[in-house]
Colleague: 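The structure under discussion is supplied below as structure tokens; questions concerning it will follow.
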Amino acid sequence: MKKKVKSTASRKSGRTTAAACRAVTLIPGDGVGPEVVGAALAVLEATGIKIEWDRQAAGMSAFRRFGTPVPDALIESLKRTRVALKGPLETRVAEGWRSINVHLRRTFDLYANVRPTMNFDGVHTPFNNVDLIVVRENTEDLYSGIEHEIAPGVVESIKVITARASRRIAKFAFEYARTHRRKSVTAIHKANIMKLSDGLFLKCARAVSESYKSIRYQEQIVDAACMRLVTQPESFDVLLLENLYGDIVSDLCAGLVGGLGLVPGANYGDKGAIFEAVHGTAPDIAGKGVANPIAMILSSAMMLDYLGIPAVGDKIRAATASVLRAGKVLTRDVGGKASTSEVTAAIVRAVSRG
Ligand code: ATP
């Protein structure tokens, strides 16, 4: 890795709750989910840590078995463990049930989505010096799901932005920057057009920034930010975004460093967290044994940080970095020919050596 992947331990309140409890809900998910979650389990096992897994179905696989994408047993398990390692879940485009990811994030008030995105030695892309932390608000914006037809051929989708949610995500981003020794936070917006909603988001970010004088605060309009992310990614550090911009910009950031197969993620609330890769179900490669397991493996390392064992998380990050750096066992999305299980086995070996 060009830069060491730093521990992404959560805020103190959440960590205290989680540290006392090593029971974790395991959601294999849909599409490539079971393949990459299986890989993460193998790597976690190689570290020797003991976790009591509570395996639960969700999404399409739960729908097929139980007739619902969100079984009560899943919700009960999450209420008990408050920590989950989760594969991607299928959400149909323009039909069917609302996103289960959105439902879980809102049910457990997991308001902060964090996606560390950085270059890896051994993964060549045209973009260098990428070392970004995407902090995405997770509970509102156009994801509020308030849509209706007001007349035939005319629909409305309501964007909800509140001062409470904007302040708390801004505070999260600055706290993250402070604890991880980051230099700047950039609020990304479209307040020139959405003067009220994005205007409120910015106003809250500015007010919060006043309490963090040692961290540089910047603002940028989302379209200009997308161009600058490609031309000068090194000029950004922590990115603070509303829900929809955060979703789009995090895929852009993943593209800078080699793709969705590499970027981990976490959804934090004050009382729990769900760890998952940025990527979706990847239906085009599901079941073929070629998915890159690294995004999910690095998400599991973020989970260990949260559980209060960052040294073990570091071990997984170092093992993963060494396999990428060696460049011999890579999946095809990052230029190799190896299968999911071959990459997993290489990382397991590196963990065992480490
Ligand atoms: P969903 O609707 O579940 O989000 P999607 O196909 O729209 O599915 P992704 O699943 O994120 O979105 O996939 C986008 C692209 O990235 C696909 O071409 C997919 O094959 C690729 N991709 C995603 N995850 C991985 C992975 N772990 N390894 C390799 N390629 C991946």
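As the structure lists them, so they are numbered: ligands from 1, and atoms in each ligand from 1.
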Colleague: Is the shortest side-chain N to carboxylate O distance from Lys183 to Asp237 below 4.0 Å?
Modeller: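 Judged by the 4.0 Å cut-off on N to carboxylate O distance, Lys183 and Asp237 do not form a salt bridge.
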
Colleague: Check each atom of ligand 1 against the heavy atoms of Ile285 and keep those under 4.0 Å away; list them by number with element.
Modeller: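 Listed by number with element, the hits are 20 (O), 28 (N), 29 (C), 30 (N), 31 (C).
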
Colleague: Any idea which atoms of ligand 1 are less than 4.0 Å away from a heavy-atom of Thr281?
Modeller: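 Answer for ligand 1: 1 (P), 3 (O), 8 (O), 10 (O).
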
Colleague: Should Leu260 and Leu239 be regarded as members of a common hydrophobic cluster, given that ILVMFWY residues are connected when their side-chain heavy atoms come within less than 4.5 Å of each other, either directly or indirectly?
Modeller: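 Hydrophobic grouping puts Leu260 with Leu239.
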
Colleague: Identify, by atom number and element, the atoms of ligand 1 in contact range of Ala291, meaning under 4.0 Å from any of its heavy atoms.
Modeller: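 The list of qualifying atoms is 28 (N).
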
Colleague: Is Arg136 positioned over the aromatic face of Tyr143, cation under 6.0 angstrom from the ring centre and no more than 45 degrees off axis?
Modeller: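 Verdict for Tyr143: a cation-pi partner in Arg136.
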
Colleague: Give the atoms of ligand 1, by number and element, whose distance to some non-hydrogen atom of Leu260 is under 4.0 Å.
Modeller: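 Result: 11 (O), 14 (C), 16 (O).
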
Colleague: Show the atoms of ligand 1 that are less than 4.0 angstrom away from any heavy atom in Pro283.
Modeller: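 By the 4.0 Å cutoff, the relevant atoms are 6 (O), 8 (O).
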
Colleague: When you check the gap from the basic side-chain N to the acidic O, do Lys190 and Asp198 get nearer than 4.0 Å?
Modeller: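 A salt bridge is absent here (no side-chain N lies under 4.0 Å from a carboxylate O).
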
Colleague: Given Ser99, Ala277, Gly280, which has its nearest heavy atom closest to atom 4 (O) of ligand 1?
Modeller: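 It is Gly280 that holds the nearest heavy atom.
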
Colleague: Do the rings of Phe174 and Tyr217 sit parallel, tilted or perpendicular, given the 30° and 60° boundaries?
Modeller: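 If you compare the ring of Phe174 with that of Tyr217, the planes turn out tilted.
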
Colleague: So for Asp284, does at least one of its heavy atoms come nearer than 4.0 angstrom to any atom of ligand 1?
Modeller: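 True for this residue.
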
Colleague: Please state which part of Asn292 comes within less than 4.0 Å of ligand 1, counting heavy atoms only: side chain, backbone, both or neither.
Modeller: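 The part of Asn292 near ligand 1 is both the backbone and the side chain.
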
Colleague: For atom 23 (C) of ligand 1, which candidate among Arg332, His279, Met296 provides the closest heavy atom?
Modeller: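 Going through Arg332, His279, Met296 one by one, His279 has the nearest heavy atom to atom 23 (C) of ligand 1.
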
Colleague: Side chain to side chain contact (heavy atoms under 4.5 Å, CB included), that's the test. Do Leu241 and Glu137 meet it? Break it down for me.
Modeller: CA-CA 6 Å; Leu241 306 105; Glu137 204 289 325; over 6 Å; no

Colleague: Would you call Lys337-Glu342 a salt bridge at under 4.0 Å N-O?
Modeller: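 Result for this pair is no, no salt bridge flagged.
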
Colleague: Polar-atom distance check: Val290 versus ligand 1, any N or O pair below 3.5 Å?
Modeller: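 By distance alone, the answer is no.
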
